[in-house]
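Have a look at the structure below before the remarks.
Order of the sequence lines sets the chain letters (A, B, ...), proteins ahead of strands, with each chain counted from 1.
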2 protein chains.
Amino acid sequence: MKLDPRHLEILAAIVEAGGLTEGAALLGKSQPSVSRSVSLLEDRIGEPLFLPTRRPLQPTELGLALAQEGQRILDAGRHASRLVNDYRQGLAGAVRVAGTPIFMDGVISSVIAEFQAEHPNIRIDQSYGYPAELLSKISNETLDVAILPIRPADVSEEYEFRQILPGRNVIACRVGHPLARKKEVRLEDITEYSWIAPPANSPLFRDLRNTLDGIGVRELKISFTGGSLSAVLNVMTGSDSLTVLPFSVVFMMQRQNTLTSLPIKIGDPDRHLGCVTLRDRTMSASSGRFLGFVERKFELLDRLICKA
Amino acid sequence: MKLDPRHLEILAAIVEAGGLTEGAALLGKSQPSVSRSVSLLEDRIGEPLFLPTRRPLQPTELGLALAQEGQRILDAGRHASRLVNDYRQGLAGAVRVAGTPIFMDGVISSVIAEFQAEHPNIRIDQSYGYPAELLSKISNETLDVAILPIRPADVSEEYEFRQILPGRNVIACRVGHPLARKKEVRLEDITEYSWIAPPANSPLFRDLRNTLDGIGVRELKISFTGGSLSAVLNVMTGSDSLTVLPFSVVFMMQRQNTLTSLPIKIGDPDRHLGCVTLRDRTMSASSGRFLGFVERKFELLDRLICKA
DNA sequence: GATCAATATAACCTTGAGTTATGAAGCTCG
DNA sequence: CGAGCTTCATAACTCAAGGTTATATTGATC
């Protein structure tokens with residue numbers, strides 16, 4: 001026979017509170033209400049739940065056993081309520097975030113780490129991708145936030161774009177690189193070293209080509225191409241190779257004293273770094289919280305970078 | 001916010017069954033009913049529980065988390081239902097049973113052991129007492145079954161009495177007692193040995209006096225008095241003392257080859273052994289089951305005793 | 001036995017869960 | 001890509017039952 005879980009909850013409250021009136025108060029209901037509910041339950045199961053004519057209301061064996069189950073139901077219910085509250089306030093949930101590999105690994109990952117320290121109940125599902133595919137994932141709602149270098153004008157009305165950093169690339173090399181010691185680096189200096197190229201379909205690769213075109217370099221020795229940031233880093237620190245990287249990435253790496261940038265001016269890309277979300281859809285509270293966190297962190301980072 | 005536990009149950013069923021229709025079937029409800037319940041729950045918590053427009057219905061993060069709580073509620077409910085069924089069929093519960101010490105320890109305890117082997121979920125609350133007090137405990141419902149030697153005529157209409165053994169006392173001694181070897185024991189033989197007397201307020205003590213009066217014995221050496229059956233047994237087996245015991249107790253002890261009875265005829269008491277319960281009150285199913293078990297076991301025992 | 005507190009009952013209203021019938025929207029597959 | 005099937009949502013209605021306040025009843029207590 002199926003029992004109404006609410007009846008078991010009421011029973012548990014009465015047993016716990018030690019009386020019908022107190023139990024009703026505990027549940028925030030009126031005394032007659034719980035009285036009748038108990039009667040109904042007793043009628044259904046055909047067994048008494050409380051000893052008759054005992055004023056400090058005393059449960060029967062069965063009453064006590066069922067009250068324990070009721071307690072478990074109450075616990076589960078309370079837990080569920082907490083879950084709901086957490087979700088509504090964005091203190092729990094999941095955020096699906098994606099971005100371009102180099103930038104994700106170089107800058108965003110540490111921001112995510114900070115975020116998770118603050119919000120252990122929010123799960124971050126991180127993935128990598130390039131602008132076109134990420135935008136389509138935003139569209140079909142398999143992604144909540146994309147962090148991309150993009151031309152603001154290229155973002156259609158469907159999306160919402162919040163810039164977090166201006167686009168700025170530099171030529172990077174290992175700390176201790178021969179060129180890094182120089183006061184000024186000339187064009188012909190950099191052509192002497194071999195270069196690392198980012199994956200061919202990445203925006204960074206286009207930036208590299210544009211940059212080199214911009215400063216009049218036609219031919220380069222490409223010693224390494226593709227790979228993740230950590231692969232690039234390993235090659236960089238183990239050789240005198242050069243590459244183009246977002247300044248923010250190099251800035252973060254300077255903290256670990258692994259990379260630095262050459263004192264040579266190259267043109268800034270017209271792409272800016274920002275978060276893309278769907279415009280009309282009401283974002284989940286946890287996504288909103290994540291977004292706000294990222295914006296705050298990058299505001300700080302931007303100021304640090306400007307001072308540097 | 002308080003959630004309706006039934007909603008969480010429904011959610012759990014849907015997630016488990018993998019669809020709204022299947023979930024409804026699992027719960028034995030109609031599909032529109034659960035559909036509306038889910039909508040209501042979603043409205044209450046203000047968050048979607050299922051991803052929109054995905055046909056193999058897929059729960060959201062929150063939906064999945066709440067479904068887990070729902071599963072716990074379902075489990076508790078099922079457990080509660082099982083409890084109720086067991087109680088109603090007398091397969092679980094508690095029976096408060098009491099009786100006179102010697103008889104309880106000598107005969108009933110082994111019957112209780114057998115009963116518990118068959119019904120591990122029924123708790124036996126055993127206690128000791130003499131007829132008057134036990135009957136009053138039956139009256140005020142602090143006792144379910146009393147097992148007593150009593151004159152059937154003394155049992156008032158308030159109670160129900162089921163005889164399980166006819167009253168029959170014997171003079172008992174240890175196995176290997178000098179008198180036990182004799183074909184026939186005469187009156188003067190038994191007065192030579194010291195005697196063990198049961199507690200002064202027990203029916204057995206009155207039986208002892210009546211018996212000795214009946215066979216014309218006036219004076220006896222009382223070497224030991226009071227104590228439980230095990231105390232009496234220890235004294236008996238370690239000495240040549242005699243005492244009066246119910247034959248059924250001696251019969252059980254014969255199995256362990258500790259006690260035996262003397263071949264001397266003594267008058268049977270007019271008390272008979274039986275179970276006393278309250279007449280009008282509907283007994284708990286477990287008490288009924290226990291009562292039936294005791295009656296069956298004693299029917300067997302009675303036949304064994306008669307053959308002996 | 002009078003008094004007080006706790007529980008049960010009564011009368012009423014409202015919610016919501018149950019139903020069947022039916023509409024709308026995805027998926028599947030030729 | 002549209003027909004057809006399946007699955008979910010909506011509508012309209014009934015009714016069980018939980019919520020309320022007011023009041024009666026019953027144990028406990030002194």
Quiz item: In whole angstrom, what separates A/Glu22's CD from C/dA5's P?
Solution: 13 Å
Quiz item: Regarding A/Ser30 and A/Ser33, is there a side-chain donor-to-acceptor distance under 3.5 Å anywhere?
Solution: no
Exercise. Name all residues meeting the side chain to side chain donor-acceptor pair (under 3.5 Å) criterion together with B/Glu114; count only those two or more places apart in sequence or in a different chain, and write none if there are none.
Key: B/Lys297
Quiz item: Once you round it to whole Å, what is the distance between C1' of D/dT10 and CD of B/Glu42?
Solution: 15 Å
Practice problem: Using five pairs at either end of the helix from C/dG1-D/dC30 to C/dG30-D/dC1, determine the angle between the two local helix axes and round it to 10 degrees. | Solution: 50°
Quiz item: Any side-chain heavy atom of B/Gln163 sitting closer than 4.5 Å to one from B/Leu273?
Solution: no
Quiz item: Counting only non-hydrogen atoms, which of residues 27-40 of chain B are less than 4.0 Å from DNA chain D?
Solution: B/Gln31, B/Pro32, B/Ser35
Exercise. Provide the full list of salt bridge (charged side-chain N to carboxylate O under 4.0 Å, His left out) pairs with a residue in residues 124-138 of chain A, sequence neighbours left out, each pair given once.
Key: A/Arg123-A/Asp125
Quiz item: Between A/Arg6 (CZ) and D/dA17 (P), how many Å, whole number?
Solution: 10 Å
Self-check item: Exceeds 12 heavy-atom contacts within 6.0 angstrom, atom CD of A/Gln68
Solution: no
Exercise. Would you confirm whether A/Ser202, through its side chain, and A/Pro198, through its main-chain N or O, come within 3.5 Å as a donor-acceptor pair?
Key: no
Quiz prompt | Atom-to-atom span, CG of A/Leu51 to C1' of D/dG27 - whole angstrom | solution = 14 Å
Quiz item: Can you find a side chain N or O atom of A/His7 that sits less than 4.0 Å from OP1 or OP2 on D/dA17?
Solution: no
Practice problem: Enumerate the residue pairs fulfilling side-chain hydrogen bond (donor to acceptor under 3.5 Å, both in side chains) with a member in residues 147-157 of chain B, sequence neighbours excluded, ordered by first and then second residue. | Solution: B/Arg151-B/Asp154, B/Arg151-B/Asp270
Practice problem: Starting from the C-alpha separation in whole Å, work towards a yes-or-no answer on side chain to side chain contact (heavy atoms under 4.5 Å, CB included) for A/Leu66 and A/Ile45. | Solution: CA-CA 11 Å; A/Leu66 291 184; A/Ile45 68 184; 4.0 Å; yes
Quiz item: In whole angstrom, what separates B/Leu57's CG from C/dC27's P?
Solution: 11 Å
Self-check item: Distance, rounded to the nearest Å, where B/Leu41 contributes CG and C/dA17 contributes P
Solution: 10 Å
Quiz prompt | Integer-rounded Å distance: C/dC27 C1' and B/Gln58 CD | solution = 15 Å
Quiz item: Under the ring pair (Phe, Tyr, Trp, His ring centres under 6.0 Å) test, which residues partner B/Phe115, sequence neighbours left out?
Solution: B/His119, B/Phe290, B/Phe293
Self-check item: Integer-rounded Å distance: C/dA24 C1' and B/Leu20 CG
Solution: 15 Å
